[in-house]
Amino acid sequence: METGTSRGMAVKQEARLVGPVVLLGPPGAGKGTQAKRICQIFQIPQVSTGDILRDNIARGTEFGKQAEAHMNRGELVSDELVQRMVADRLAQPDCARGFILDGFPRTVNQAEWLDKHLAEHGFFVTEKGCKRLLVIQLEVAYTLLLGRLTGRRTCPTCGRIYNTNTAQQGSRVEGVCDVDGASLVTRKDDREDVIKERLKNYQTQTLPLVDYYARTNHVIEIDGSAEPDVITSAVVKAIENGNRL
Ligand code: ADP
């Protein structure tokens, strides 16, 4: 049951225009974990291209069939395919107050498409002007990423992410979700050879995005190696401050 306080909080969040937020960072930086928390706090949806693609694969759709082999090799899926998926998702009414993009954009081409798409479809136009994209970069040392990715386990039912390599983020019973008791799964692309390929592709294809956004938007850098709660507070602060701009 909702308490008076949480109801008050929900009303406040419902009225607020959060705008578009992009979470940047290498695979394993914690984008998915943080995006889920931030979405709950601000009551906006998480738009994760990785999750949407995995859902398409599970349902055996045409998109899923086109994407699966690329994903299993740690390569990027074509810009056209992910852009079509993102356009469909952003057209849903729950994106009207804002959304968190997690895993998109991943190439400069996708970032250019996103800028154009938001402008052409009149996203977040207020009397004070158009609400700008807030770009948050989670920074994590390369050496930490490998351990995080090989230890990642996900609940197929509720989506909660655990890690067997860190005591604080493990499940209470090994291999079982604390929330709903489902058996945790390891993603197919969290194998060491595939992880190395994903990290390499991040360096060459996604890292140039930081420069792209630094030219047009203010990029907020947050230390992604800190404790999850510390990172969440920093992201919330960045969004709150971004809201006043
Ligand atoms: P991570 O960020 O941990 O690598 P994701 O779940 O975001 O994982 O993505 C998994 C895979 O899905 C990527 O390695 C890639 O093949 C594909 N993918 C996700 N988002 C995009 C995107 N924006 N452009 C191209 N491919 C993508």
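First listed ligand is number 1; within each ligand, the first listed atom is number 1. Sequential numbering from 1 along the given sequence is applied to the chain's residues.
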Minimum-distance protein heavy atom relative to [atom]:
{"atom": "atom 15 (C) of ligand 1", "answer": "Glu75 O, 3.5 Å"}
{"atom": "atom 13 (C) of ligand 1", "answer": "Arg106 NH2, 4.0 Å"}
{"atom": "atom 17 (C) of ligand 1", "answer": "Leu53 CD1, 3.6 Å"}

Open item on the list: So, regarding Pro27 and ligand 1 (criterion: nitrogen or oxygen to nitrogen or oxygen, under 3.5 Å), is there a contact or not?
Closed with: no
Open item on the list: Geometry only, no angles: is Val77 polar-contacting ligand 1 at N/O separations under 3.5 Å?
Closed with: yes
Task: is_close_aromatic(Phe124, Phe99), centroid dist under 6.0 Å - done: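 Ring centroids of Phe124 and Phe99 are less than 6.0 Å from each other.
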Checking the side chain of [X] only, and the main-chain atoms of [Y] only, is there a donor and an acceptor separated by less than 3.5 Å?
{"X": "Lys65", "Y": "Ile57", "result": "no"}
{"X": "Arg84", "Y": "Leu81", "result": "no"}
{"X": "Tyr162", "Y": "Asp178", "result": "yes"}
{"X": "Asn163", "Y": "Arg148", "result": "yes"}

TODO: Report the member of Met71, Arg198, Arg187 with the shortest heavy-atom distance to atom 5 (P) of ligand 1.
DONE: Arg187
Considering the heavy atoms of [X], write down every atom of ligand 1 situated less than 4.0 Å from one of them.
{"X": "Asp189", "value": "10 (C)"}
{"X": "Thr49", "value": "19 (C), 20 (N), 21 (C), 23 (N)"}
{"X": "Gln110", "value": "22 (C), 23 (N), 24 (N), 25 (C)"}
{"X": "Arg54", "value": "6 (O), 10 (C)"}

- [ ] Could you tell me if any non-hydrogen atom of Arg152 lies under 4.0 Å from any atom of ligand 1?
- [x]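 Judged by the 4.0 Å heavy-atom criterion, Arg152 does count as contacting ligand 1.
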For a 4.5 angstrom cut-off between non-hydrogen side-chain atoms, does [X] reach [Y]?
{"X": "Phe104", "Y": "Gln83", "answer": "yes"}
{"X": "Asp115", "Y": "Glu112", "answer": "no"}
{"X": "Leu184", "Y": "Glu174", "answer": "no"}

